Amino acid sequence: MPQRHSKNNNDLAFFTYEEKRKLGYGTQRERLGKDSIKPFDACCLCLKPLIHPLCCPKGHTFCKECILECLLAQKKDIKRKLAAHEAQKKLEKEEEGEKRMLQKSKELDAFDQQNHGAVPQYHDRSGSDDKNGFHGANSVKVTSFEEEALRNMKAFWLPSATPEATAKVEAPSTDTICPEGQEKLKLKSLFPISFTEESTDQKNKKSVEKSYMCPSCKSTLTNTMSLVTISTCGHVFCKKCSDKFLVTDKVCLVCNKPCKERNFVPLEKGGTGFAAHDERLEARDFKHLGSGSGLGLVKPAPKNY
């Protein structure tokens with residue numbers, strides 16, 4: 001067993017295992033508790049109880065106001081990016097036209113000097129002057145690189161003359177995405193859902209929050225249960241009742257509305273932007289030490305939650 005002196009020794013030229021462990025060196029793991037898990041009846045955006053709930057085809061639930069604001073913000077952002085991309089394309093087209101005009105004027109000037117100048121000028125096919133050596137007593141050979149450098153000279157030590165890199169704006173996608181599942185999402189693909197609230201007799205008197213039940217087996221819905229909703233009418237059932245009755249009868253047990261197997265949407269439970277659920281309930285973070293500084297540089301590891 002390590003002695004107490006070995007744990008408290010801090011005069012070595014290197015970090016011991018105990019010192020690294022105290023600084024948080026290595027991969028830190030933490031088991032996520034109940035407070036980190038989103039309830040099944042909470043919005044994926046505001047994390048509050050659902051108000052006029054809407055569900056996407058992948059089973060993520062949102063408040064109506066939250067998801068509409070999210071999709072509207074995405075539309076505005078796409079419109080802004082499209083405008084910036086069009087402005088960039090227009091600017092590039094204008095710059096290309098200016099370059100062509102400048103090149104054409106240079107060719108005309110060279111042609112004029114060749115025919116009317118006192119000293120003949122020599123040009124090769126690439127447009128560089130003085131290909132065959134020195135011509136004329138007063139001619140000075142200046143390379144195209146030097147001309148470009150003199151024309152666009154920037155001083156890094158002067159804030160007013162510091163060069164600026166042009167940021168390229170890529171053409172954005174025009175599709176809105178689901179903020180939780182990151183798949184394409186349209187407003188018309190959302191459908192309302194409705195939970196069956198427990199009666200006053202079945203409800204726990206100490207509980208202040210609303211509690212819901214499966215309309216078929218009357219069991220209280222919790223995060224531990226797998227839930228299924230019907231996209232045609234929006235009623236929510238537990239997975240057992242869905243497999244036992246809905247799949248075979250093809251009729252909703254609440255409103256008797258016919259449905260097909262493709263209308264059954266399993267609701268996503270648990271996970272938020274901070275935690276997941278089921279077997280992925282462990283958050284990881286990797287921390288390594290800075291070389292010679294004694295400070296820990298935090299670098300997130302692939303999160304396995």
Side-chain angles (χ1 to χ4, degrees), residues 44-45 54 56-58 60 62 64-190 273 299-300 302-303:
C44 292
L45 291 174
L54 294 178
C56 74
K58 296 295 182 179
H60 301 107
F62 309 93
K64 185 176 182 179
E65 184 178 358
C66 295
I67 190 61
L68 291 181
E69 286 182 357
C70 179
L71 294 179
L72 182 60
Q74 290 186 38
K75 285 287 187 182
K76 289 182 178 179
D77 190 48
I78 290 171
K79 188 176 180 181
R80 179 186 57 80
K81 289 181 179 179
L82 285 174
H85 183 65
E86 290 296 328
Q88 177 181 282
K89 287 174 61 178
K90 185 178 179 181
L91 183 62
E92 290 177 352
K93 191 175 181 180
E94 290 177 355
E95 290 178 352
E96 188 178 353
E98 289 178 359
K99 287 182 180 179
R100 285 199 299 266
M101 290 179 62
L102 184 62
Q103 182 66 24
K104 190 174 182 180
S105 64
K106 284 184 178 180
E107 292 176 358
L108 289 175
D109 292 341
F111 179 78
D112 185 65
Q113 291 180 4
Q114 179 72 23
N115 289 276
H116 302 89
V119 180
Q121 303 290 328
Y122 296 88
H123 304 275
D124 60 357
R125 292 183 178 180
S126 62
S128 61
D129 298 340
D130 201 12
K131 177 183 178 182
N132 298 321
F134 182 80
H135 294 280
N138 298 324
S139 64
V140 179
K141 184 176 181 180
V142 180
T143 62
S144 59
F145 176 78
E146 291 174 345
E147 289 182 357
E148 185 71 19
L150 290 172
R151 186 165 56 251
N152 300 324
M153 186 177 67
K154 298 291 183 181
F156 288 93
W157 54 91
L158 296 176
S160 59
T162 304
E164 295 181 356
T166 56
K168 294 290 184 181
V169 180
E170 301 293 336
S173 174
T174 57
D175 298 320
T176 53
I177 61 173
C178 175
E180 184 69 17
Q182 300 301 319
E183 69 271 356
K184 294 180 181 179
L185 179 64
K186 294 183 179 180
L187 182 60
K188 63 181 181 181
S189 62
L190 295 168
K299 182 176 70 173
K303 295 206 173 176

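Quick caveat: nothing in here was measured; it's all calculated off a predicted structure.
Shown here are the side chain to side chain contact (heavy atoms under 4.5 Å, CB included) partners of K64, two or more places apart in sequence or in another chain: H52, L54, L68. D77 pairs by the salt bridge (Lys or Arg N to Asp or Glu O under 4.0 Å) definition with R80, K81, not counting sequence neighbours. By the side chain to side chain contact (heavy atoms under 4.5 Å, CB included) test, K58 pairs with C56, H60, E183, sequence neighbours left out. Residues passing the side chain to side chain contact (heavy atoms under 4.5 Å, CB included) test with L72 are K76, sequence neighbours excluded. The side chain to side chain contact (heavy atoms under 4.5 Å, CB included) test applied to K75 returns T176, not counting sequence neighbours.
Each of E98, K104, E96 was checked for a side-chain contact (heavy atoms from CB on, under 4.5 Å) with R100, and the lone residue meeting it is E96.
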Candidate pair I78 and D175, rule side chain to side chain contact (heavy atoms under 4.5 Å, CB included), full reasoning: CA-CA 8 Å; I78 290 171; D175 298 320; over 6 Å; no
Stepwise side chain to side chain contact (heavy atoms under 4.5 Å, CB included) test for S105 and L102: CA-CA 5 Å; S105 64; L102 184 62; 4.0 Å; yes
Show the atom names and distances, to 0.1 Å, of all donor-acceptor pairs under 3.5 Å that link a side chain in residues 86-94 to residues at least two apart or in another chain.
| from | atom 1 | to | atom 2 | distance (Å) |
| --- | --- | --- | --- | --- |
| Q88 | OE1 | V169 | N | 2.7 |
| Q88 | NE2 | V169 | O | 3.2 |
| E92 | OE2 | K168 | NZ | 2.9 |

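Between C70 and F62, the closest side-chain pair of non-hydrogen atoms is not below 4.5 Å.
Rounded to the nearest 0.5 Å, atoms CD (E180) and CG (L45) are 8.0 Å apart. To the nearest 0.5 Å, atom CG of residue L71 and atom CD of residue Q74 are 5.5 Å apart.
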